Amino acid sequence: MSSTTSSFPERIELTGQGLVLRDWTEADLTAMPELFDHPDIAYWTPLVSPFDEAAARARLDRDREMRAQGTVILLAITVDGGAPLGEVMLRRAPEGMEIGYAVGPAHRGQGLAVRAVRVMAAYAFERMGAERVILELEAENAASVAVATRAGFTLLDVPLITGEEKGRPFSLQTWGLSRP
């Protein structure tokens with residue numbers, strides 16, 4: 001199966017590593033601002049700031065649109081299928097399948113990002129036919145570098161991705177994990 005031609009399922013629930021990664025629902029709209037309206041998330045991610053209920057509604061709508069287009073999967077990180085603790089993303093990119101994540105400030109320090117990345121990488125390999133998955137992150141983001149390392153990714157010898165977002169320049173490293 002080629003990762004560039006297959007579509008994403010309408011509904012997804014992934015389990016593993018003590019987590020349940022599930023689709024976002026209407027019921028999650030009120031929880032999303034608590035997870036994503038934080039200076040760290042505003043600084044390190046492309047999520048809008050402030051992140052209020054209107055931003056949550058727009059994100060859920062955009063999530064469904066991108067899923068239907070077959071470009072992005074956004075899943076809530078949970079431990080039991082209930083309350084969301086963060087988000088993990090799988091995106092088709094020219095460089096391959098890219099994973100991204102954000103964990104709410106109250107839920108950090110539990111290994112949620114590492115475990116969610118591992119589960120999503122396994123999905124990309126086993127179900128989407130990916131040969132490699134990547135993370136794109138800033139070297140200064142020590143927490144994300146630690147996630148990449150603990151999840152088994154290695155820094156790739158490729159040019160930095162540079163740009164500007166939210167009025168600040170960024171320089172992204174590309175980390176990769178090959179199919180086992």
Side-chain angles (χ1 to χ4, degrees), residues 12 19-67 69 71-79 82-95 97-121 133-151 153 155-156 158-176:
I12 299 175
L19 298 177
V20 177
L21 307 181
R22 62 160 178 81
D23 291 316
W24 288 104
T25 68
E26 301 289 328
D28 297 322
L29 290 173
T30 57
M32 291 171 83
E34 182 181 322
L35 298 172
F36 302 137
D37 191 33
H38 189 272
D40 286 348
I41 290 177
Y43 188 83
W44 296 115
T45 77
L47 291 173
V48 299
S49 180
F51 196 98
D52 55 16
E53 282 199 45
R57 163 53 59 201
R59 184 140 181 94
L60 182 61
D61 292 345
R62 183 76 177 124
D63 166 31
R64 291 173 175 166
E65 180 183 314
M66 292 183 300
R67 171 91 59 96
Q69 293 169 351
T71 56
V72 175
I73 298 170
L74 297 173
L75 299 177
I77 300 170
T78 77
V79 293
L85 310 174
E87 174 177 87
V88 63
M89 171 203 77
L90 182 65
R91 178 178 77 92
R92 285 194 173 93
E95 307 81 26
M97 300 295 273
E98 176 191 359
I99 295 175
Y101 50 86
V103 174
H107 310 291
R108 295 180 185 161
Q110 303 173 46
L112 296 170
V114 172
R115 293 184 286 150
V117 165
R118 287 177 180 156
V119 172
M120 191 62 95
V133 293
I134 61 169
L135 300 171
E136 295 175 346
L137 50 96
E138 295 183 62
E140 296 81 12
N141 187 342
S144 280
V145 169
V147 167
T149 302
R150 285 193 297 248
F153 285 69
L155 183 60
L156 301 179
V158 298
L160 293 173
I161 301 164
T162 58
E164 184 174 312
E165 189 163 41
K166 298 181 189 174
R168 76 171 188 90
F170 65 82
S171 218
L172 300 175
Q173 297 177 325
T174 303
W175 291 69

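Worth saying up front: this structure is predicted, and the values here are computed from it rather than measured.
The shortest side-chain heavy-atom distance between Ile12 and Arg67 falls under the 4.5 Å cut-off. Side-chain contact between Met120 and Met89 is absent, with no heavy-atom pair separated by less than 4.5 Å. Within the 4.5 Å cutoff, side-chain heavy atoms of Leu47 are placed close to those of Arg59. Arg64 has its side chain within reach of Leu60: a pair of non-hydrogen atoms, C-beta onward, lies under 4.5 Å apart. Side-chain atoms of Glu138 and Gln173, non-hydrogen and from C-beta on, never get closer than 4.5 Å to each other. Side-chain contact check for Glu53 versus Pro33: some heavy-atom pair is nearer than 4.5 Å. By the 4.5 Å heavy-atom criterion applied to side chains, Leu75 and Asp23 are counted as neighbours. Considering only heavy atoms from C-beta on, Trp44 comes within 4.5 Å of Glu140 through its side chain.
Of all heavy-atom pairs spanning Tyr101 and Leu137, the tightest one is OH-CD2, 4.3 Å. The two residues Lys166 and Ala42 make their nearest non-hydrogen contact at NZ-O, 2.6 Å. Contact record, Arg22 with Ala83: NH2-C, 4.4 Å, taken as the closest heavy-atom pair. The shortest heavy-atom contact between Leu160 and Ser171 is CD1-OG, 3.4 Å. Between Phe36 and Ala102, the closest heavy-atom pair is CE2-CB, 4.0 Å. Smallest separation of non-hydrogen atoms from Leu35 and Trp24: CD1-CH2, 4.0 Å.
The distance from atom CD1 of Ile77 to atom CG of Leu21, rounded to the nearest 0.5 Å, is 6.5 Å. Atoms CZ and CD1, on Phe170 and Ile161 in that order, are 8.0 Å from each other to the nearest 0.5 Å. Between the CZ atom in Arg115 and the CD atom in Gln110 there is a gap of 7.5 Å [rounded to 0.5 Å]. The line from CH2 of Trp175 to CZ of Phe153 is 10.5 Å long, rounded to the nearest 0.5 Å. One distance of note links CD of Gln69 with CZ of Arg62; it measures 5.5 Å at 0.5 Å rounding. Interatomic distance, Leu156 CG to Thr174 OG1, rounded to the nearest 0.5 Å: 6.5 Å.
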Dump the intermediate steps for side-chain contact (heavy atoms from CB on, under 4.5 Å) on Val79 and Val20, then the final yes or no.
-> CA-CA 5 Å; Val79 293; Val20 177; over 6 Å; no
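Ser49 and Tyr43 form no side-chain donor-acceptor contact under 3.5 Å, judged by distance and modelled atom types alone.
Judged purely by atom type and a 3.5 angstrom limit, Arg108 has no side-chain atom pairing as donor or acceptor with the backbone of Ala113. A donor-acceptor contact shorter than 3.5 Å links the side chain of Asp28 to the backbone of Thr25.
Within a 6.0 Å sphere centred on CD of Glu34, heavy atoms belonging to other residues, nucleotides or ligands number 12 at most.
Of the candidates Val147, Val88, Val103, Val117, Val103 is the only one forming a side-chain contact (heavy atoms from CB on, under 4.5 Å) with Leu112.
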